[in-house]
Amino acid sequence: MLALLWVMVTVMLVAGGGPEGAVQFLAVGDWGGVPDPPFATPREVATAAAMGRVATDLGADFILALGDNFYYEGVRDEWDPRFQETFERVFTPGARELPWFVLAGNHDHAGNVTAQLAYGHHSPRWHFPHYYYSLRLSLPGTNASARLLMLDTVLLCGGSDDFGAGGAPQGPRDAAAAAAQLAWLRGRLAAARHDRYVLVAGHYPVWSVAEHGPTTCLLRLLRPLLRHHRVTAYLCGHDHNLQFLEEGGVSYVVSGAGNFMEESQSHGGAVPPGSLRFFFGAPTSPGGFAHLRLDAHAATITFLEATGRVLYRVALPPRDL
Ligand SMILES: *[C@@H]1O[C@H](CO)[C@@H](O)[C@H](O)[C@H]1NC(C)=O
Ligand SMILES: *[C@@H]1O[C@H](CO)[C@@H](O)[C@H](O)[C@H]1NC(C)=O
């Protein structure tokens, strides 16, 4: 396993080149249903339906899954019925079978993440080639490209017991594997210097005002790298709401409302003053997710409620190359 962690996986994704001249995708976190019948929450069902509608109306080339794919203890093996019960039967995209690009959260690590990697052999739309990997996105109609770096923040920072005191990750189980992932990230960020947009995605937040708050380990390991390499945005889940923050020239997207919705802003004082631009966690809401559109001129991020209502939209400029 350790040897595998050194492998750099690069997935080449050539966008369809539709009339929009953009690469577009949906980002949803913490969508993983429940371990008992019916194995999906009403919020997961509503969010899945809205994602299907938005993929058609706004356009989407793929879906990004930001972890906690199977509550509460991941899956047992690659034949676990939860793949059907919580994923295949809930996310029925209709005519268009959008590819999913997946990363793992703490609840996935409570089970068998190797099985989630292997599930790609069973489902044509499930792409989870490695714990961490790189996606190269070509912006149609231009020579420009974007880079999406998928991380495993549990391997980087440790597990987190949602129900225990504090719940902050207490450090990686395998320090060598964590160091290897960080070295890989440094290399990929350096190699991305000509990409018009660079997005980094992981399960744990760097910044968050909600129940879990900022992740100390990621503030130490990730934040300086994101700033130094002028990363466009960091995408995550873990906190069960929608947030947009800006700090040090980097944007931070929290999209963890695929299954639960929580309104607590108990860590509002733990983020830099003025950094929070948008928060949505209404407990009566049927869920939500984010839509991203990358074109030659801007990276436009739209937060949507599962009703289809647009909650917030922001356009980020290309990196100053
Ligand atoms: C994890 O899943 C893989 C793939 O299905 C399987 O080979 C392995 O035995 C599982 N591990 C455990 C501990 O069950
Ligand atoms: C892309 O690059 C090629 C070769 O450098 C150039 O001929 C072409 O005009 C470029 N296209 C666009 C849309 O910039």
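Ligands are counted one by one from 1 in listed order, and the atoms in each one are counted from 1 as well. Just so it is clear, the structure is predicted and the values come from calculations on it, not from any experiment. For the numbers below, each heavy atom of this structure counts, side chains included, while hydrogens, waters and symmetry mates do not. Start at 1 with the first residue, then count along the sequence.
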What protein heavy atom sits nearest atom 4 (C) of ligand 1, and how far off is it? E78 OE1, 3.1 Å
Quick check on the 6.0 Å ring-centre criterion: do F289 and H291 meet it? no
Under 3.5 Å, N or O to N or O, is W79 touching ligand 1 that way? no
Would a search of protein heavy atoms around atom 14 (O) of ligand 1 find one under 4.0 Å away? yes
When the aromatic ring centroids of F62 and W100 are compared, is their separation below 6.0 Å? no
Test Y119 against every option in F83, W79, F70 by the ring pair (Phe, Tyr, Trp, His ring centres under 6.0 Å) rule and name the one that passes. F83
Could you walk me through whether R293 and T300 pass side chain to side chain donor-acceptor pair (under 3.5 Å), step by step? CA-CA 5 Å; R293 176 193 157 95; T300 305; 5.4 Å; no
So, is the end of the R313 side chain (NZ or CZ) under 6.0 Å from the ring centre of F278 and within 45° of the ring's axis? no
Strictly inside 4.0 angstrom of atom 7 (O) of ligand 1, do you find any protein heavy atom? no
Quick one: nearest non-hydrogen protein atom to atom 12 (C) of ligand 1, plus distance? N112 ND2, 3.5 Å
